[in-house]
Protein chains: 2
Amino acid sequence: MARWQPDTRIRLVHAALDLFTEQGYDATTVSEIAERAGGLTKMTFFRHFSDKREVLFAGQELHSRVLADAIAAAPGPATPLQAVAAALDALAATFSDDRREFSARLLRVYAGNGELRERAASKHNGMAEAMTAALEKRGVPELTASLAAELGLRAFDRAFAQWADPEGRQPLTELAGRALDELRAAAATLD
Amino acid sequence: MARWQPDTRIRLVHAALDLFTEQGYDATTVSEIAERAGGLTKMTFFRHFSDKREVLFAGQELHSRVLADAIAAAPGPATPLQAVAAALDALAATFSDDRREFSARLLRVYAGNGELRERAASKHNGMAEAMTAALEKRGVPELTASLAAELGLRAFDRAFAQWADPEGRQPLTELAGRALDELRAAAATLD
């Protein structure tokens with residue numbers, strides 16, 4: 001059984017997104033998601049996710065780990081923002097272009113629901129904490145570390161929204177690098 | 001009736017915080033809060049707040065307005081961070097020292113509950129948006145405006161936590177000004 005679980009998980013995520021897009025997030029039940037994922041039961045759903053909301057945030061723990069690992073692996077003399085740039089690059093590389101359309105639908109579901117936006121804001125903070133901790137381990141003072149992490153996540157969020165745009169053609173790594181440069185330039189004009 | 005409403009609202013907030021502190025957030029019902037606030041009914045509670053969680057975020061719309069108004073009123077040549085400093089000053093001035101102990105208890109209730117931390121993160125974003133919009137009206141480009149707003153809110157959150165510390169003795173205005181200076185200095189060391 002266990003070796004099928006990753007596939008089950010992915011099927012549940014896709015079934016949920018399909019249903020949320022078709023009939024709305026609030027109107028969709030866990031039973032419907034399980035059924036759509038190939039005749040699964042509610043119980044199977046709950047083996048993978050704690051609730052309906054969580055199914056949309058699958059993978060975010062993995063994202064925190066990718067970001068933190070890349071910061072740890074950045075060359076010793078890298079500045080905080082250079083380490084953050086390496087982290088964005090690593091995370092962006094996990095999003096191949098065939099996930100673009102899926103991501104666009106995900107963003108639309110988030111946008112339409114306050115509860116999901118709240119969870120997204122809280123997950124954003126979780127990723128920021130992971131990056132901040134990784135930067136502090138490199139000897140970056142806490143305040144600088146938390147600002148660098150925030151700047152990096154903002155850059156990633158902007159780049160992600162551009163990438164998910166159906167008109168978009170550039171890879172996420174390129175968009176993320178450019179967004180970070182823009183935010184860095186903006187930070188220099190604060191006072 | 002209407003002229004008693006502000007008082008009712010404040011009594012509900014205090015009753016809620018008392019009960020959350022005594023018996024925990026999850027274990028407290030809306031009926032208990034209403035009863036503790038002087039024998040009120042659930043219906044009265046719901047005239048003031050949409051749910052149990054909202055009672056702890058009373059006043060945050062007012063905070064957004066105070067911040068935005070102060071940014072609008074800052075002198076024309078003020079830099080983005082100078083306008084933000086004026087906003088923090090205005091908001092901090094609304095917290096007199098007799099609210100210190102109440103605020104400390106509020107922070108403790110937030111800290112102990114994931115759902116409340118989520119709502120706090122989302123409200124933080126709402127205040128950031130209000131400041132960003134006010135800065136953009138001054139002609140500050142969006143990216144710079146959103147960074148200045150974020151820096152300001154981080155400074156305020158840090159200062160607020162220091163101020164709420166029972167050992168603390170300094171007024172919130174002073175702590176907020178210093179926190180903003182520290183974050184500004186940290187931003188200068190990003191790369």
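Basis for what follows: all heavy atoms, side chains included, without hydrogens, waters or symmetry-related copies. Numbered from 1 within each chain, the chains take letters A, B, ... in sequence-line order.
Annotation: maximal heavy-atom pairing with chain B below 4.5 Å, among A:Ala186, A:Ala188, A:Ser146, occurs at A:Ala186. Your options are A:Lys123, A:His124, A:Arg184, and the one with the most heavy-atom pairs under 4.5 Å with chain B is A:Arg184. Highest contact tally toward chain A, considering only B:Ala120, B:Gly114, B:Pro80, B:Ala145, is held by B:Pro80 [criterion: heavy-atom pairs under 4.5 Å]. The candidate with the highest count of non-hydrogen atom pairs below 4.5 Å against chain A, out of B:Asn125, B:Thr79, B:Thr189, B:Leu190, is B:Leu190.
Residue contact with chain B, scored on non-hydrogen atoms closer than 4.5 Å, involves the backbone and the side chain of A:Glu182 alike. Looking at A:Asp191, both its backbone and its side chain come within 4.5 Å of chain B, counting heavy atoms on both sides.
Hydrophobic clustering, with ILVMFWY side chains joined whenever heavy atoms are under 4.5 angstrom apart, keeps A:Ile10 apart from A:Val30. With hydrophobic clusters built from ILVMFWY side chains whose heavy atoms lie under 4.5 angstrom apart, B:Leu19 shares a cluster with B:Phe46.
More than 12 heavy atoms of other residues, nucleotides or ligands shown are found within 6.0 angstrom of CD on B:Glu115.
A salt bridge links B:Glu118 and A:Arg53; the closest N-O separation between the charged side-chain nitrogens and carboxylate oxygens is under 4.0 Å. A salt bridge does not link B:Glu142 to A:Arg154: none of the charged side-chain nitrogens sits closer than 4.0 Å to a carboxylate oxygen.
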